[in-house]
Amino acid sequence: MSVWLVILLIGLLAFLGAPLFLIIGAFALLGFAVSGIDASAVIINLYSIAENPVLIAIPLFTFAGYVLAESNSPRRLVNVAQAFFGWMPGGLAIVVLVTCAFFTAFTGASGVTIVALGGLLYPALIKELYPERFSLGLVTASGSIGLLFPPSLPIILYGLISKVDIDKLFLAGIIPGIILLLFLGIYSIFVGVKAKVPRVPFSWRNIATTSRAAAWEMPLPLVIVGGIYGGIFTATEAAAVTAFYVLVVEVFIYKDLKLTTDIPRVMKESMLLVGAILAIVGTALGLTNYLIDAEVPQKLFELVRATITSPTTFLLILNGFLIIVGMMMDIFSAILVVVPLIIPVAMQFGINPIHLGIIFLTNLEIGYLTPPVGLNLFLSSLRFHKPILHITRAVLVFIVLELVALMLITYIPELSLWLVEAF
Amino acid sequence: MSVLRKFDSLLNKFEGALLVLLLAAMVVMAFLQVVLRNGFNSTILWVDILLRHLVLWTGFLGAALATSSERHINIDAFTRFLSPRARSVINTITNLFAVVVCWLLLQASVTYVKNEMIAGSTIYADLPTWYSALIIPIGFGLLILHFSVRAILNANAALKNEVTS
């Protein structure tokens, strides 16, 4: 009885804003205490952070992303995208989608995108006479649009927890990621045409000058994807190459950041986020270990099997459940706590863990836009000084579009698995 | 209270400096390993091990810094609509809770380090595991200090009806 009271109390503290890594840690401590195992079991699991060769990708990619965000590279990349897509109907909106996708993938879907690019792109949209509500919704939704592209941190974390090859997950996310971009892109073109937004004429010279300006940054995605699938380096090594490359390019070639003043600041700033994520990883490893010891996934499966028999229904229920998870939890805690619980269940229904990962991440991408804890809503509200409710209304269309894309991704597994099998 | 703030920011400066050093080492060494593997077909084994342990160290130092700037991931959807004073009261409670959990985790990590000392396990060559594991009790110790400062500052603000920075 008193155990339930403690659980209730910890849950309440979570809603009052206590740090989630300690909420998770408290549950882990409680679980081990109830089963009569010494509390040092939590620390044994935490220490395994130092035994995992994949985790180093988290600080390295985050650092690289922050360096890019703090330099002038957002402006250079927007210019390139403008030269390539500006002539299309809805051109600037496409620019928003493409550059945000690039930035989100590199900054680990941590919200840096809206902070780094929003201030640049939102006024530009308004200036080109896109409707205010559409512009706000687009910039807010774009803040997590690159989640499925390599080298996004949520993909790396999912791979870590599910023990699925990260290289394969990176491949699996590409087509579903493009589908999401297409959905939002087509809608943007539609809006652009309807609002009679003026179009910039296409010019080769423009492409040449802007590309030359961003010549050192544009090849980055290609280097990562090419390097990993060309067998030159692993996903972890890609992080090492990216961090070093970005540092050298921004400090010594573009000279956007000073090595002695800016870089230490950016390092500290990026490690704040890494510390916050790793703290959750550390305690969640303990909780997961307890849950598996207590055979919670098996019990969950038996419970599910009693009511659901077909994989089709299971996937539908799973999506509903994950959207609620995405509404309540941040993406990092959700991956670490929920994935170990649902993977065994999903496997019993014959769902490929790679496909499951893409479904999972797409759901949580939508979760970034849904109240009450949708991170993008709050970042947008802070950045553009608009009330949350106004922004929620602005992203509604985008949520619906992403839900339709989610259905395609869920029920056509080939979208996720085709590239994985082809390579 | 200003003494407390000074202490907190002094501690932050120290943690930040160490963090910058460790991350710089990580970026350079991780890159060199890739160059060695591809160019010379060999890597230095202890560098790989060191890099993995650096992740744990930067994680704890980053978490300590995140505490002072209140950047830990949490659910703030409900508290953000409260008045500043009510928020200070609730922040005092959640920070005290954090101190308690960190204290329990500190005790658990002391047990863990002691067990490692008795077991005599090593990371590489003669280097004992507990040397590196020492960051765990140190880390939780730092977290306790920072969360305590936050708790006191928030309690003070709640009493005096001020806004904490």
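Every chain is numbered from 1 and lettered A, B, ... according to where its sequence line falls, protein lines coming before strand lines.
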Inter-residue atom distance A:Thr236.OG1 - B:Gln33.CD, 0.5 Å rounding: 12.0 Å

Side chain to side chain, A:Ile232 and B:Val34, heavy atoms closer than 4.5 Å: no

Distance-minimising heavy-atom pair for A:Ala276 and B:Ile73: CB-CG1, 4.2 Å

pair B:Leu143-A:Phe21: side-chain heavy atoms closer than 4.5 Å: yes

Sidechain N-carboxylate O distance under 4.0 Å for A:Glu237, B:Arg37: yes

Atom pair CD1/OG1 of A:Ile23 and B:Thr94 - distance to nearest 0.5 Å: 9.0 Å

Nearest-0.5 Å distance that lies between atom OG1 in B:Thr79 and atom CZ in A:Phe15: 11.5 Å

Close side-chain approach of B:Tyr112 to A:Leu46, heavy-atom, < 4.5 Å: no

Closest contact, heavy atoms only, A:Leu278 versus B:Val55: CD1-O, 3.6 Å

Shortest non-hydrogen contact between A:Leu22 and B:Ala98, atoms and distance: CD1-CB, 3.4 Å

Under 4.5 Å from any heavy atom of chain B - which part of A:Phe63: side chain

Note, B:Met26 side chain near A:Ile56 side chain (heavy atom, < 4.5 Å): yes

Engaged part of B:Ile123 at the chain A interface, taking heavy atoms whose separation is under 4.5 Å: side chain

Region of B:Ile90 that comes under 4.5 Å of a non-hydrogen atom in chain A: side chain

For chain A, the option from B:Phe140, B:Phe31, B:Phe97 that forms the most heavy-atom pairs under 4.5 Å: B:Phe31

Spatial distance of atom CG (B:Leu61) from atom CG (A:Leu272) [nearest 0.5 Å]: 11.5 Å

B:Thr129, part contacting chain A, at a heavy-atom distance under 4.5 Å: both

Heavy-atom pair of closest approach, residues A:Ala50 and B:His53: CB-CD2, 3.6 Å

Nearest heavy-atom neighbours spanning A:Gly17 and B:Asn74: O-ND2, 2.9 Å

Inter-residue atom distance B:Leu51.CG - A:Leu60.CG, 0.5 Å rounding: 8.0 Å

Test item: B:His72 and A:Leu20 side chains (from C-beta on) under 4.5 Å apart, heavy atoms: no

A:Tyr47 and B:Ser109 side chains, donor-acceptor separation under 3.5 Å: no

B:Ala24 portion near chain A, given a 4.5 angstrom heavy-atom threshold: both

Heavy-atom side-chain contact between A:Val42 and B:Leu104 under 4.5 Å: no

Over all atoms of both residues, closest heavy-atom pair of A:Ser40 and B:Thr111: CB-CB, 4.2 Å

Region of B:Leu65 that comes under 4.5 Å of a non-hydrogen atom in chain A: both

Distance in Å, A:Leu29 CG paired with B:Leu105 CG, rounded so as to fall on 0.5 Å steps: 5.0 Å

Validation row: A:Met271, B:Leu23 side chains within 4.5 angstrom (heavy atoms): yes

